[in-house]
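Structure first, commentary second.
Labels below follow one simple rule: chain letters A, B, ... track the order of the sequence lines, proteins then strands, and each chain is numbered from 1.
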2 protein chains.
Amino acid sequence: MAKHYENYDRILVALDCIIFGFDRSGLKLLLIQRDFEPEKGKWSLMGGFLNREESLDQAADRILHKLTGLKNVYLEQLYGFGEVDRDPVERTISIAYYALINIKEHDKELVEEYGARWFPIDDLPDLIFDHSEMVEAAKSRLKYRASHEPVGFELLPEKFTMPELQILYEDIYQTKLDKRNFRRRILSTNVLNKTDEKQKKYSKKGAYLYRFDHEKYEEKVSSGESLVFKPLKL
Amino acid sequence: MAKHYENYDRILVALDCIIFGFDRSGLKLLLIQRDFEPEKGKWSLMGGFLNREESLDQAADRILHKLTGLKNVYLEQLYGFGEVDRDPVERTISIAYYALINIKEHDKELVEEYGARWFPIDDLPDLIFDHSEMVEAAKSRLKYRASHEPVGFELLPEKFTMPELQILYEDIYQTKLDKRNFRRRILSTNVLNKTDEKQKKYSKKGAYLYRFDHEKYEEKVSSGESLVFKPLKL
DNA sequence: GCAAAAGTGTTACGAATACACCCATGA
DNA sequence: TCATGGGTGTATTCGTAACACTTTTGC
C-alpha cells in the first residue's frame, strides 16, 4: 500500500456484460453492434464505464438495465480484464459481469434501439477487443455455477417443462444427457413442484409444467443440506 | 459502451494480495502493518496501485515481489472489490489476487522491513477496509482450486511427506481426513514420485519424501485425463 | 394408425467411506 | 521398553451410468 495516494494513475474502469438468455432452440447471448469507432459495426458485449459515485455491482446493474430494461436479475462478477492494450483508445481495465435473464421479459424496443441481437451460444460472431475471452470465461463460470446452485431457473419462465430444463442443461454443459437420469436427479432435489398443467406447444402428448420452489430451496440450504444440481459428472 | 471516452471518471485501481504460506503448524497468511493513515498500525493485506503501463497481472506480480522478493509464484486473480466507500481517502476499486508461496523461500529481510508477519489462517487479526472479505473469498477459492488442480504443491517445498501434504489439505478443507483414504487417493493420481529419502525431523520412524512430477501431470492433463485432487467430498 | 415427443425402472459398476492394527526408531 | 508418529488393506455403501419400451394425441 502506498504512503500517499497522490502519485498514482487514475484509470478508466469499464464494465462489460455477458447476457445469457434461453429459449427452446438453445442458450443465447445478447450482443450489440458498436456504432462508433474504433471497431464500428463489429459486435461487442454491452458495456459502459464506472462512475465515481457507484459501486461495481451498481454500475453493472445500470448497464444491464440500459439495454434490457430489466432490474433485479441474476448478475455475477466474472473477472477483471486488464491487459495494457486491450482498448486501443485509452488504457482501460474492464470488469466483466454475466447476467442470466428470462429471454421473454426483456425490452425489445431498447434492444432494437441498440442494434442488439441474440446469438446462439455456439454461433457467435467475432467480437471486439478481449470480449471473446470474456464470453469463454462466462461459459465456464456458468457451467460451474449451474452444477452447484439452481441458477438454471433464472433463464427459464416461471413454469417450464422437464424437456426444456434438460435442453438448457445440455447447452450449458455441452453434452447430451440421459432423460431418465436427468429427471431422477433433478427431481430428487425436491425443490420442483409439478403443476397439473401441460405445455402442448411442442408435442402432441404435452409435457407437465414445473415450478421452482424458492422457499423449499432456501430451507434446504439453510438447514445445511448440500444441494447439488449436477445432472452428470463433468 | 460510450460514444466517447472523454466524459468518464478515471479511478484509482488498487491491487491487494492474499499471500498463503504453509508449514507443519498449518496454513498461514502474510499480513503487513500499515504505517500510514488512515488505519495506521492496523493489519492489512499487501497492496499497491495499478500503473498505467502495466497489466493487472503484472501489477499483482510487482506488488507480491516487493514484499516477498519472489517471482514466478502461483498468483491468481480473485475478485474485484468496488464498494464506493471501501477506502475512506479516495474512491478506489481493488482487484484482489491470491498467491501460494513456499514459506521457506521468501525474503525475510523485506518482510521485516514492511513489518509483516505470518498469521495462522484461523487466528487472523482484524483487517482494514474490506480485506477480511477478500481473505474469505481467497480461502474458498483455494478450497475449490485445490480440489480440481494440484495447487497444494505450490505451498510445499520440493520434497514433502504424506503427513505434511495431509495437514495441508486438512487446513485447506477445514476437516480431518482419514490417513489411508487420503494416501490412496493422492497416490492414485500417479503424479507423485516417492524418493528413498526419509524426513526424520518430526518422528523417530521417519516419513518418506515425495516429489510432485510436473511432467507426468501435464501429460495426463493434455491427454484429457480428468485428474481430480479431491481427497473428500465437500 | 402412425409419427413424435413425453414419461417411466432396474441393473451394474466404480468411487467414497469407515475402520484397527503393526512398524520403526530414538530416547 | 515404550511412546510417538508412519505406514498399510478390506468390506460396505452409495451415487452414477447404461440402457429400451410404453403412453398420449394430433394429424
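Here the side chain of His131(A) pairs no donor or acceptor atom with the backbone of Ser44(A) at under 3.5 angstrom.
When rounded to the nearest whole Å, the span between CD of Glu164(A) and C1' of dA6(C) equals 12 Å. Rounded to whole Å, atom P of dT16(D) lies 12 Å from atom OH of Tyr173(A). One atom, CZ of Phe182(B), and another, P of dG7(D), lie 12 Å apart when rounded to the nearest Å. Distance, Arg183(A) CZ to dT10(C) P: 17 Å, rounded to whole Å. Put simply, CD on Gln166(B) is 13 Å from P on dT8(D), counting in whole angstrom units. Between Ile186(B) atom CD1 and dT8(D) atom C1' the separation is 17 Å, expressed in whole Å.
Heavy-atom distances under 4.0 Å link DNA chain C to no residue of residues 188-196 of chain A.
Partners of Arg117(A) under the salt bridge (Lys or Arg N to Asp or Glu O under 4.0 Å) rule, at least two apart in sequence or in another chain, do not exist in this structure. Taking Arg86(A) as the reference, Thr92(A), Asp130(A) meet the side chain to side chain donor-acceptor pair (under 3.5 Å) condition, with sequence neighbours excluded. Applying the side chain to side chain donor-acceptor pair (under 3.5 Å) test to Glu154(B) and every residue at least two apart in sequence or in another chain returns nothing. By the salt bridge (Lys or Arg N to Asp or Glu O under 4.0 Å) test, Lys179(A) is found to be paired with no residue, residues two or more places apart in sequence or in another chain being considered.
Sequence neighbours left out, the pairs with a member in residues 166-175 of chain B that pass salt bridge (Lys or Arg N to Asp or Glu O under 4.0 Å) are Glu170(B)-Lys176(B). Here salt bridge (Lys or Arg N to Asp or Glu O under 4.0 Å) pairs that include residues 104-113 of chain B, with residues two or more places apart or in two chains, number zero.
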Donor-acceptor pairs are to be reported for all side-chain atoms of residues 205-212 of chain A against protein atoms at under 3.5 Å, with residues two or more places apart or in another chain.
{"unit_1": "Arg211(A)", "atom_1": "NH1", "unit_2": "Glu158(A)", "atom_2": "OE2", "d": "2.8"}

Base contacts versus sugar-phosphate-only contacts with protein, heavy atoms under 4.0 Å: please encode nucleotides 19-27 of chain C as B, S and - from 5' to 3'. BB--BBBB-
